[in-house]
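Inspection log for the structure reproduced underneath, given as C-alpha cells.
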Number of protein chains: 2
Amino acid sequence: MSDHESHAAPVDPVLSPGQLETYFVFTEAADLLQHQIERQLRTDGGLSTVQFQILGRLSGAEGGRLTMTQLADLVVYSRSGLTYQVGLLEKSGLVNRGPSPDDERSTLVAVTDRGRALFGRILPDHAQRVYDMLFDPLSDEDVDSLREVMTRVRDHVRALPPRSAAPRRRRADPGPQG
Amino acid sequence: MSDHESHAAPVDPVLSPGQLETYFVFTEAADLLQHQIERQLRTDGGLSTVQFQILGRLSGAEGGRLTMTQLADLVVYSRSGLTYQVGLLEKSGLVNRGPSPDDERSTLVAVTDRGRALFGRILPDHAQRVYDMLFDPLSDEDVDSLREVMTRVRDHVRALPPRSAAPRRRRADPGPQG
DNA sequence: AAGATGTGCTTCGAATTCGAAGCATGACTC
DNA sequence: GAGTCATGCTTCGAATTCGAAGCACATCTT
C-alpha cells in the first residue's frame, strides 16, 4: 500500500450511487421492454422491431419515402443492417426501392399500400401492448417528465462528437498543432 | 371487411399523442445509448455489453457467483445466448463454471480474479462515458425522477404475466374443448 | 419407488448483425 | 476539366443471436 495520497486521492466515483442505480434500472427496463416488444411484433405481425420502425417512419414521412441514410439514422441502425432489412421488406412487397432524382447515389425507399395497410393493422395491438407495459404504471406527470428528460438526453447524445467516428479519413486535418 | 361499425366506435387511440411521442423518444434515446456503450466497451476493454454486465453482476453478487438462470434473468438475455457468452468469458479466463452443490442440474458461474481486475479497470472509463452521455444534461432532480419512474416500469414489466410463455407444454392441459 | 411432469443447461440450425472493403456518384480545387 | 476527397449504398465475412430440441437431474403422484 504505497498510496501516500499523492495528487489523486480517494478517486471520486464518476457516478454517484444514485446515478449508478439509475443507469442500471434504466438499462434493465429498456432491455425488458425491448425484448417484449420484439416478441409481440414477431408474433402479431411477423415483423421485427426494426422492420416495424421502418414502416412507421416511412408512413409518417413526407411523400412516404426517405433515403437509406435518413432511415438508418432515424431508426438507429447500421447501414449494412438496414440494407438487409429493407431487402426483406421489399421481397415481401411492403416497400419499394428506387433511384433518387436529386442524387444519383441515393436510394429512395417508399412504403407500398400493402406496407401501410400492414402497419395500420398492427399498430393498435402494438400500442395496447406498449400501454400495458410502459404507461399503465405511470401518471400523466410521470409521462411528461419522462418525455422531457429523454428528449434532452436524445438531443444531447445526437449532438455529441462521434467518439471514434473517423472511419473515413477526414479532410486535411490541421492536426493537434496545426 | 364487413365492419358495419358494430360495438367499437371511433376507436380511441390507445396512446395519447404525448404518450406516443414519449415512447418514440424513449426508444430512440435508449437505442442511441446502447450503441454508443457497445462501441465504447468494445474499444476500451474488448468486451461486449453483455459480457460487461455479466462481470458486473457477478462482482456484485454474494460470493461472486450465480447460476446461469439467475444471470440470464439479471442481464435480460436468452439462456442459449448466455451459454455462448459465458463460454467466451471462460475461454478468456474471466469466469469459471462449476457444478452446484445444491442442485446437480445447475451450473455456478464465478468471476475470477482476472475478471474482477478487468471489470475494475474498465469501470471508471465506462462510468465517465455514461456520465457524458446520460447524466451530463440532467439535473439531480431529473435523475431522481428518472430512477423512480424507471424502477416502477421495471417492476411492472417483471410482474406482468409472460405473454406467450408456455414454450414447454403445460401440465395436463385440459385443452380448448376439455 | 416407478412413472410422469418440471427445471437447468447446452447443442443445433437458421437468421441477423455489424464493420470493413468495394463501387459509383458528387463536390471541390486548381 | 482532371484530380482529389467526400458521400450513399451494397457486398462480404465473421460473430452473435434466439428458439426449439435434447439431455440430465429433480420433484411430485400414486
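Hydrogens, waters and symmetry mates are skipped; everything else that's a heavy atom, side chains included, is used. To find a chain, count down the sequence lines: A is the first, B the second, and so on, and within it residues start at 1.
- Of all the residues in residues 49-67 of chain B, B/Thr67 reach under 4.0 Å from DNA chain C with at least one non-hydrogen atom.
- Between A/Asp142 and B/Arg152, at least one side-chain nitrogen of the basic residue sits less than 4.0 Å from a carboxylate oxygen of the acidic one, meeting the salt-bridge criterion.
- Comparing the axis of the opening five pairs of the helix from C/dA1-D/dT30 to C/dC30-D/dG1 with that of the closing five pairs yields an angle of 30°, rounded to 10°.
- Looking at heavy atoms from C-beta onward, B/Leu41 lies out of side-chain contact with B/Arg129 at the 4.5 angstrom threshold.
- A heavy-atom distance below 4.0 Å to DNA chain D is reached by none of the residues of residues 23-33 of chain A.
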Tell me which donor-acceptor pairs under 3.5 Å the side chains of residues 53-61 of chain B have, and how far apart each pair is, sequence neighbours excluded?
| from | atom 1 | to | atom 2 | distance (Å) |
| --- | --- | --- | --- | --- |
| B/Ser59 | OG | B/Leu55 | O | 2.8 |

All N/O donor-acceptor pairs, side-chain side in residues 86-99 of chain A, below 3.5 Å, sequence neighbours left out:
| from | atom 1 | to | atom 2 | distance (Å) |
| --- | --- | --- | --- | --- |
| A/Glu90 | OE1 | A/Arg97 | NE | 3.2 |
| A/Glu90 | OE1 | A/Arg97 | NH2 | 3.0 |
| A/Glu90 | OE2 | A/Arg97 | N | 3.2 |
| A/Ser92 | OG | A/Leu88 | O | 3.2 |

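- Between B/Thr69 and C/dC9 there is a side-chain polar atom (N or O) within less than 4.0 angstrom of OP1 or OP2.
- Partners of B/Gln128 by side chain to side chain contact (heavy atoms under 4.5 Å, CB included), not counting sequence neighbours, listed by chain and number: A/Val14, B/Tyr131, B/Asp132.
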With 3.5 Å as the limit, what N/O pairs link the protein to nucleotides 10-14 of chain D?
| from | atom 1 | to | atom 2 | distance (Å) |
| --- | --- | --- | --- | --- |
| D/dT10 | OP1 | A/Arg97 | NH1 | 2.9 |
| D/dT10 | OP2 | A/Thr83 | OG1 | 2.7 |

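- Residue contacts for A/Leu88: at a heavy-atom cut-off of 4.0 Å it reaches the sugar-phosphate backbone alone, with no base atom in range.
- Applying the 4.0 Å criterion to OP1 and OP2 of C/dT17, one finds that A/Gln85 has a side-chain N or O inside that range.
- Sorted by first and then second residue, the ring pair (Phe, Tyr, Trp, His ring centres under 6.0 Å) pairs with a member in residues 58-85 of chain A form an empty list; sequence neighbours excluded.
- Using cut-offs of 30° and 60° for the angle between ring planes, the B/Phe52 and B/Phe119 rings count as tilted.
- Side-chain atoms of B/Glu104 lie closest to D/dA26 of the nucleotides D/dA26, D/dC18, C/dG19.
- Residue pairs meeting the salt bridge (Lys or Arg N to Asp or Glu O under 4.0 Å) criterion with at least one partner in residues 61-87 of chain B, sequence neighbours excluded, are B/Asp73-B/Arg158.
- Under the side chain to side chain donor-acceptor pair (under 3.5 Å) criterion, B/Thr49 pairs with B/Glu38, not counting sequence neighbours.
- Every residue two or more places apart in sequence or in another chain was checked for a side chain to side chain contact (heavy atoms under 4.5 Å, CB included) with A/Asp140, and none qualifies.
- Listed for the B/Ser145 side chain is no donor-acceptor partner under 3.5 Å among the backbone atoms of B/Glu141.
- With sequence neighbours left out, B/Arg147 forms a side chain to side chain contact (heavy atoms under 4.5 Å, CB included) with A/Glu21, A/Thr22, B/Val143, B/Asp144, B/Thr151.
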